[in-house]
Structures are given as C-alpha cells and as structure tokens.
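A short write-up of the structure that comes next.
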Amino acid sequence: MRKLLPLIGTPSGSHPGGRSAMTCRFRCGDACFHEVPNTSSNEYVGDVIAGALSRRSMMRAAAVVTVAAAGAGAVGVAAAPEAQAAAAAKGGHHDKPKGARGLRFTPVAPNTADAVTVPEGYRQNVVIRWGEPILRGAPAFDPEKQSAKAQAGQFGYNCDFLALLPLRGERGRQLLVANHEYTDEVLMFRDYDAANPTREQVEIAWAAHGLAVVAVEEDGRSGKLTPVTRHQLNRRLTATSEFRLTGPVAGSDLVKTSADPSGTKVLGTLNNCAGGTTPWGTTLHGEENFNQYFANSSRATDKRYGIGTGATERKWERFDKRFDVSQEPNEVHRFGYVVELDPYDPDSTPRKHTALGRFKHEGATVRLTHDGRPVVYSGDDERFDYFYKFVGSKRMRHGNSRSAREHNLSLLDEGTLYVAKLTGDSPAIEIDGTGKLPKDGEFDGSGQWIPLATATADGAVSHVEGMTAEEVFVFTRLAGDKVGATKMDRPEDIEPNPVTGKVYLALTNNSNRGVGSNAKADEANPRNANKHGHVLELTERWNRPKSTTFAWSLFLVAGDPEDPATYFAGFPKDSVSPISCPDNVAFDDHGNLWISTDGSALGSHDGLFGVATRGDRRGELKQFLTVPIGAETCGPIIQDRRVVVAVQHPGEKDGASVDQPASTWPDGPGTYVRPAVVAVWRADGRDIGV
C-alpha cells in the first residue's frame, strides 16, 4: 500500500513547492510573491514542452502505472523505494542491489526524520559546521558570544556549492571550497528583532556570507573527512572582502560609485548559490538572489531584477548606504555575476567576470571546446527567465606556471554570451497545458543559442538592437527579452555529462505557469501550475560545445510517479523514487546524473537522487539520502568512494527561532541548529553504488 505523508509546515498552496515562508524571506527575498519580473511576450518553455511531456507520460502510464486517488490534505508518495528495500531484505542481507553501475544501492524511502538518512550499508560524518574556526586566531564557536571578527575566521552560514580539489604534496588531504549563500538571522541570534537588527548582528551576517576555503583530511580507514584548522590555504571571503570587476563592464560608468570611482573594486560577494570548477584549477561561484539586499529603488531596470521599492528584510541599508539604491544607484550593478576564485593562492583577489552577464546565476559549469576554449553554462533562477552559454575566444594554457595561471584567469573575460531559444516540433494547437501529448507522441524540439554580445581585448560589441554592449552585460535579462529567449520554469543548475557530452538543465518549479496572465505551458515546460519541476536534456549540434544550435527533449518530469503527468525517461514508474523540485546537479564517472532537491512538494524531506542517463536503465531514479527538517540538499560532490553534500538551512520552518527550534540537527537538543557539510561512504570501503 502506498504510504501517504502529511504536509509539514506551510501548505504547498501558500509557498512554492514545499518551502516555508522563512525560506522565502531569507533566501530569495520572497521572490515568488513579487510581481513576475519578466513581463515580455517571449514564448514560455512550458508551452513548448507540455505536449511532448504528456504524450509520453500517458503512453507509459497505460503500461506500468495504476493511478491512485490522493486523499484531501495529503500528498501521495510512491512506495517503490520501500518495496525495493523490502525485496532486498527478503532476498538476504548480502544480496547486491540492482541498478546501473554507480547506482547499485537500496534507495532511501521518503521520510520526515530530523537526520541525514543514508542507504543501508553506508556511513556518514559531519565534516564542518557553521562557526567552526578555520583561520589562525579564530576562537571556538560560542553562539551566545558571536562577533563579526570571530565569524570572519570561522566557517560561514548556509553553504551551497561545494568543491573538493587535490592538494599536491599532502597525501590524504583535499581542499574544500564552499559558498555561504545567505543567513537566517532568526536562527542565529537569540531574541532577534527583525524590525530592528543591531549593527553587531548585521556585521556578523556580513561575515557569515561569502566563500570559504578549508583543507580537509581523509580517514584512511573510512570515508570520513575532518577539517585541518589553520592550514596555510584556509581562507574566508565575506560581504566586505575585496573583489575585482573584470571584463567589458570594468570601469564603466554603470558600475562606478562614490566609494569606487574606478568602477573596478567591489566589496563583497552575496547570495552565492551553485558554482563550478574549471579545468585550470579555480572555482566559480554564482551570485544569485542579490536583489534582496538592496532597498529603495524606483528604476524599471531594477524592477526587472526584482529589486524592491522599500526597505529590505535584513535592513542592511541602515548601516551602509551602498545597499540603498536611492543613495548609491550603481552599487547594485556590481552584483549578479560569476565570481572566480583561485583557492591555491590565499593572497589573490577574486574576480567578478562581467562577460558572463548579470542575472541571478544559479551556477557556472565549464567544459572546453576541441581547441581548448572555455564554454560556461548558467541558469537564471527566476520564474519565466532564461538560461545562457558563454563561449570564450582564448585558449587555455596548461601547466602551473605563474604566467599560465594568470592567462587562464582571464579566459572568461573575452568571448560571446548567448541566450537559449527553444522551439517545439508540434503545432501550438496541440499544446493545451493539461499534459495531453501531441499527436507525434514526443516532447522534444530544437533550440538556438542567440548571441547577445561579444567581448574582446579591444572592446565589446552588442548583438542586440537598441542596447550597447555594456548595457547587455549589465542588464542581461532585458537583452534576453529583446531577442525573444524562451521563458523557463526557474532554470537552475546546468551541467554537461562528462561521458556523453549531453547537457542537463534542472528546472525547479513554477506554480505561476498558466496562472492569470502569466505564460501558459508549452512543449518545453510541460505543465501549468508546475510545482514539481523537470529536467531537460540538450544535445548540441555534432556534440560540440561551441555549436549555436541544439536538440532538446524532456528527460525527467518530477512528481509522484503515480501521477500520469510525470515521466522518467521512459523507465517504468513503479520502480523509481518520487522526486520534486530538482535544483543542483552533478555527475559521477559512470555518467549518472545526481540531483539534489529544494522544496519538495511531496510531503517528504529534500534529498539527493541518482539517475541513469544511458543504457537499458536510463531513467531509473533512486534516492540516496534525505536531509533534516527544514533543510535543502546542496552542493553534491560525487567521488568514487565518497558523496559530499551541504545541508543548508536546517530548521528553517515558519515560527522557528533559537528558543523554539524546528530542528535540533546536527548536535541534538539544547544546541543551536547549524548548517553543515556531510560526507557519506560505504561501510565496506568500496566504490559508491557498484
């Protein structure tokens, strides 16, 4: 019998997916409750995909699915993972779980435990928590005696993107790089008054944002990781650290401020979400919901980015005028970029690459063309916004010489920025947003990368009528509007498969699709009121990253597998885990796609899932872990013998506070709830899922 899990916290009808109101306030500034920033008439990808989606779903449903009616006030969760677990137990404890190579584990059943739950036969440890000291001189964490100075030397709050890089010459050690996306002040400070934060609280929050670099050591007998405090490469970058603007916007009048008349020096990086690593050994960090930190705007260009006309949630503008658009109008133009960090040089100044455009970067994933030029993919995480590609014009140099590293740090400053336009292959009359398949029985089509602007060493050229190149790179969303890019359902992480070369884009959800005057479903975004999201698979022409055309198809349509509107690349839906709200993605060496979720609308906690992308098990999706109450799964790293995730915003539930916590993870009752990084490995020491 299917297990029905009650909804936890705020009803799904109130907030997108399974998010709480607290998440909406602190992470993205209630973005889903603002007027939709994109008011262009561009085609909506849901309209493009819907027909194809429903076509295949209905065909599969007839063969393998029995649709059950969900009871009022509850959300159904398929029992497939539990059934697989039971079958494994029945067959004997030593039976090897079936699945694609890399995914041979017994899936974790959907649950609401206040813990990180992992498969049978796997172990875990908390690698590092918010507040743990990583720099010389930083004190041990004391939540009742926090200070900005202490926090600047401690691991920051709410980590998202993670990277593990090799440490040459230090056997058994790696370098962990983490984003610290945002802060939950109500869970950080006892008796926090949201209407009247103190300067000390604000400065602590500034120090808890940003990036961290910390060496970690492997336990030779297990997969356990522990931080190496005070390592010479350990580093913290905060909302007040120095960053450098590079590329076509550097020095422009659009980014000059009273504090920086040169237009090249920026203090801080904010709301860093997902990211990527580069072939030349650096890390990339996407500035996402930067709009929420800036107050008192009256400009149409700011409205397109969701920047409000009044005070902000955190009230930072009371303590630094740069967060008040009415006083410092260009400061906001200095955020919303991809940041590049050299983690091997603790004295280096990170760069904000303006040639990659300014929008709510979910992340930035790099691969090289056949002749060694970088290609960067990035999604703009907003309802009805777009996804982009940057193709560099300079070739990467190999080696670790100073000249090679300096050259490679400039690779993302010259090249062409593109935005995607998708076209379905079915007549528009066949796409009605109900999930009904078009007559051809497919949900797929073609796509085009539309050039927006090209940056060179001698200047930049706009390809958008009526906009200068500088305007394209600063107001990239408006450029996408003008060229007719396809509106997507919150395009999040986008990453190429290292085995097949195909590119996968996670689209988290869009409950506003088809609501009121908003764009309706199309063949690329399959459902109106899309609360579960989906994953697109793109194949660029000749499988070459520099191509300007591509084919696309619907790989996965998330939700309860018993819902006929869901689709798992054609795999039987009675043998997959339920999934909702795909967000970050990563690949293992076998070419399996790993998906972390954010805001599951199925009543269970968010988690990490693996899905085969090729072979006869293509589409077989299995849940690997779940996270605690109120948490989101972020930053997945999939190594041969270890999986690492960031447990972001545990305890982030409506009404929660220090004195009334919704979660006691990771240290139990009587302690502050603390975002942290977790490592998972097989108890027998063998590779994950083989």
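Quick note: numbers below take in every heavy atom, side chains included, and nothing from hydrogens, waters or symmetry partners.
- N509 is not listed as a side-chain neighbour of H532, based on a closest heavy-atom distance of 4.5 Å or more.
- For the pair L422 and F550, the minimum side-chain heavy-atom distance is below 4.5 Å.
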Run the side chain to side chain contact (heavy atoms under 4.5 Å, CB included) check on T597 and I579 step by step: do they pass?
CA-CA 8 Å; T597 63; I579 184 174; 3.7 Å; yes
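- To the nearest 0.5 Å, atoms CD (Q448) and OG1 (T423) are separated by 7.5 Å.
- The salt bridge (charged side-chain N to carboxylate O under 4.0 Å, His left out) search around R299 returns D302, not counting sequence neighbours.
- Between F475 and H333, the ring planes are perpendicular. Angles over 60° get that label, and only those under 30° would be called parallel.
- Nearest heavy atoms, D160 versus A274: OD1-N, 3.8 Å.
- Here the NE2-CD distance, from H285 to E287, works out to 10.5 Å after rounding to the nearest 0.5 Å.
- In this structure, the separation between CZ on R614 and CG on N497 is 7.5 Å, given to the nearest 0.5 Å.
- Electrostatic pairing of R304 and E382 does not count as a salt bridge here, judged by no charged N lying under 4.0 Å from a carboxylate O.
- Closest non-hydrogen pair, G306 versus N291, comes out as O-ND2, 3.0 Å.
- Taking OG of S596 as the start and CG of D493 as the end, the distance is 7.5 Å to the nearest 0.5 Å.
- The aromatic rings of W449 and Y377 lie tilted to each other, with the angle between the two planes from 30° to 60°.
- In summary, the side chains of Y504 and E537 do present a donor paired with an acceptor at a separation below 3.5 Å, with no hydrogens or angles considered.
- A pairwise comparison of heavy atoms in D583 and T508 identifies CA-OG1, 4.0 Å as the closest pair.
- With Y305 as the aromatic partner, R477 meets the cation-pi criteria of under 6.0 angstrom to the ring centre and within 45 degrees of the ring axis.
- Within the 4.5 Å cutoff, no side-chain heavy atoms of V627 are placed close to those of E632.
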Decide yes or no on side chain to side chain contact (heavy atoms under 4.5 Å, CB included) for T112 and I629, but give the supporting numbers first.
CA-CA 7 Å; T112 57; I629 293 172; over 6 Å; no
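- In this structure, T365 and V376 have side chains that are not in contact, with every pair of non-hydrogen atoms separated by 4.5 Å or more.
- No hydrogens or angles considered: a donor-acceptor pair under 3.5 Å links the side chains of Q648 and E181.
- Residues that satisfy the ring pair (Phe, Tyr, Trp, His ring centres under 6.0 Å) test with Y388, not counting sequence neighbours, are F359.
- Aromatic ring orientation, Y182 versus H649: tilted (interplanar angle from 30° to 60°).
- Taking a cutoff of 4.0 Å between a charged side-chain nitrogen and a carboxylate oxygen, D385 and K487 do not qualify as a salt bridge.
- A salt bridge is defined here as a Lys NZ or Arg NE, NH1 or NH2 lying under 4.0 Å from an Asp or Glu carboxylate O, and E492 with R490 meets this definition.
- Judged purely by distance below 3.5 Å, without hydrogens or angles, the side chains of K502 and T613 never pair a donor atom with an acceptor atom.
- If you run side chain to side chain contact (heavy atoms under 4.5 Å, CB included) between E362 and each of I494, N584, L505, D380, only N584 comes through.
- Between the CG atom of D598 and the SG atom of C273 there is a distance of 8.0 Å, given to the nearest 0.5 Å.
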Side chain to side chain contact (heavy atoms under 4.5 Å, CB included) for M488 and F387? Distances and angles first, verdict last.
CA-CA 8 Å; M488 308 298 289; F387 66 101; 3.8 Å; yes
Checking side chain to side chain donor-acceptor pair (under 3.5 Å) for the pair K573/T566: CA distance, chi angles, key distance, verdict?
CA-CA 9 Å; K573 296 200 294 180; T566 58; 2.9 Å; yes
May I have the step-by-step check of side chain to side chain donor-acceptor pair (under 3.5 Å) for H361 and S378, ending in yes or no?
CA-CA 6 Å; H361 287 272; S378 192; 2.8 Å; yes
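- Between L284 and V366, some side-chain heavy-atom pair lies under the 4.5 Å cut-off.
- With respect to the salt-bridge test (charged N to carboxylate O, under 4.0 angstrom), the residues E495 and R367 do not qualify.
- With 3.5 Å as the limit, one finds no donor-acceptor pair spanning the side chains of S600 and D606.
- Contact record, H605 with Q623: O-NE2, 4.3 Å, taken as the closest heavy-atom pair.
- Looking only at atom types and distance, the side chain of N271 has no donor-acceptor partner in the side chain of K360 under 3.5 Å away.
- Remark: K622 NZ to S575 OG distance equals 10.0 Å, nearest 0.5 Å.
- Counting heavy atoms from C-beta outward, F335 and F294 have side chains that approach closer than 4.5 Å.
- Between Y567 and F555 there is no side-chain heavy-atom pair separated by less than 4.5 Å.
- Using a 3.5 Å distance cut-off with no hydrogens or angles, the side chains of D489 and N530 do pair a donor with an acceptor.
- Between V483 and V464, the closest side-chain pair of non-hydrogen atoms falls below 4.5 Å.
- Of the possible polar contacts, one joining the S580 side chain to the A601 backbone as a donor-acceptor pair under 3.5 Å is found.
- A ring-ring contact (aromatic ring centres under 6.0 Å, His included) with W594 is found for exactly one of F609, F587, F624, namely F624.
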Evaluate the side chain to side chain contact (heavy atoms under 4.5 Å, CB included) criterion for residues L556 and L621: first the C-alpha distance (whole Å), next the side-chain angles of each, then the deciding distance (0.1 Å), finally the verdict.
CA-CA 10 Å; L556 184 153; L621 181 136; 3.4 Å; yes
